[in-house]
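Please read the structure below before turning to the comments.
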Amino acid sequence: MHATALEKDKFITMKSNQLFYCVFFLLYVTSLTAQEICPIQISTYVDSNDVQTDGLRVSTHIGFFNGLEIISDLQNNRFVYRQQGSTEKFIVSQVKVNGHHSLTWVDGKYYAVNTDEHKVIEFSDFTETGNNTPNYDSIDLSRPHDIAYNPTDGYIYTIDDKEGLTRFDPKNDKIAEKSEINKSEVPVLGYARSLSIVNGKVYIINSSRGEVIKMDDFNNWTVYESPGQKRNNKGEKIDSPAGAWDTTGLVLNDVEHFGDYWYGSNFFTEPYAGGNDANRYRMIRWRTWEDFQHGNWEEWSYLLPSGVVPYYFTVHNGALYIATFNSEHPGTNDKIYKLHPDI
């Protein structure tokens, strides 16, 4: 028996529909598999085209304070800002800064580390130039790198190269306190780039030694060491300002907690890599401090362009942000990224 032309058309249509649904199903399964394999998605939140003039040149931090989005634009020696949620271009503030890294905001006033001027400054509005914070009038800071407010105890904390960890009460002008961690007979702090406040606890990111230090209180602490740190012939850790995983071990820029994970960024770059891969382990995450100390972390460096340094994280409104820059070619791929992890 031979099929009629009409029957042949019906057969072809049926097969075409089956093929369409098979392809659709495979695409759907592939999409689910990709989400399982890559549980972190990334998108550009801010790039140089979003800034009114001169773009971004070494963007180290984004803060969400007082209804504003504020970027520390280090090599352009300025803050740029816009209204939160706006699609307008970032405008340039009038605050005078030099090599600054970050800022915070408490009770109507901004506080920032003016790193290369060795000062902490304060101001109420970005149309001001800013003044030195009186809490540090008699303290000789050296390149204060980060500043963070702890709402649990009401103090603002800073970290610098000379005094180490200090804190002050923004409600008065009393001189800042210095932590005992700065006075340890065997130095605890190396080159520490940042601070994080997590569940009321202060964490020092002891960058050059690949460590994170949890302050149990202002004068007592617990050190979490990462594996892979290089040591001299006396067994002492070699402090490294930058590097690569196979050359130095971790050189942490920042560590932040988000969802079920801790996230870490590293200052890995070719001039300090000693010929090794400077892209590996630039951005990692882990669940517990035991995982961290045993090197049981996940690698997420491939989410970033080659040669880009991830710097400070920011948690805001249920999302995680990372400021990035190209240290060899500032202004190239300097961006703020928004991460979408499976928290």
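Keep in mind it's a predicted model, so treat the numbers as computed, not measured. We're numbering straight along the sequence, starting at 1.
Residues forming a side chain to side chain contact (heavy atoms under 4.5 Å, CB included) with Glu236 (at least two apart in sequence, or on another chain): Asn232, Lys234. For Pro227, the side chain to side chain contact (heavy atoms under 4.5 Å, CB included) test picks out Trp297, with sequence neighbours left out. Residues meeting the side chain to side chain contact (heavy atoms under 4.5 Å, CB included) test with Gln83, sequence neighbours left out: Leu68, Ser86. Considering only residues two or more places apart in sequence or on other chains, Pro271 meets the side chain to side chain contact (heavy atoms under 4.5 Å, CB included) condition with Thr269, Glu328. Listed by chain and residue number, nothing satisfies the side chain to side chain donor-acceptor pair (under 3.5 Å) test with Ser72 (two or more places apart in sequence, or in another chain). Glu298 is linked by a salt bridge (charged side-chain N to carboxylate O under 4.0 Å, His left out) to Arg285, counting only residues two or more places apart in sequence or in another chain. Evaluation of the side chain to side chain donor-acceptor pair (under 3.5 Å) rule for Arg167 yields Tyr157, Glu177 as partners, not counting sequence neighbours. Legend: residues meeting side chain to side chain donor-acceptor pair (under 3.5 Å) with Asp217, ordered by chain and number and at least two apart, are Asn220. A search for side chain to side chain donor-acceptor pair (under 3.5 Å) contacts involving Tyr281 returns nothing, not counting sequence neighbours.
Side chains of Thr332 and Asn326: a donor-acceptor N/O pair is absent below 3.5 angstrom, by distance only.
A salt bridge links Asp73 with Arg78: the closest approach of a Lys/Arg side-chain nitrogen to an acidic carboxylate oxygen falls below 4.0 angstrom.
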Identify all side-chain donor-acceptor contacts of residues 104-114 below 3.5 Å with residues at least two apart in sequence or on another chain.
unit_1, atom_1, unit_2, atom_2, d
Lys109, NZ, Glu122, OE2, 3.3
Tyr110, OH, Asn66, ND2, 3.2
Asn114, OD1, Asn98, N, 2.7

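Contacts classified as salt bridge (charged side-chain N to carboxylate O under 4.0 Å, His left out) and involving residues 181-196 (residues at least two apart or in different chains) are given here: Glu180-Lys183.
When hydrophobic residues (I, L, V, M, F, W, Y) are linked wherever their side-chain heavy atoms come within less than 4.5 Å, the members clustered with Tyr45 are Val46, Val51, Leu56, Ile62, Phe64, Ile71, Val80, Phe90, Val92, Tyr321, Ile336.
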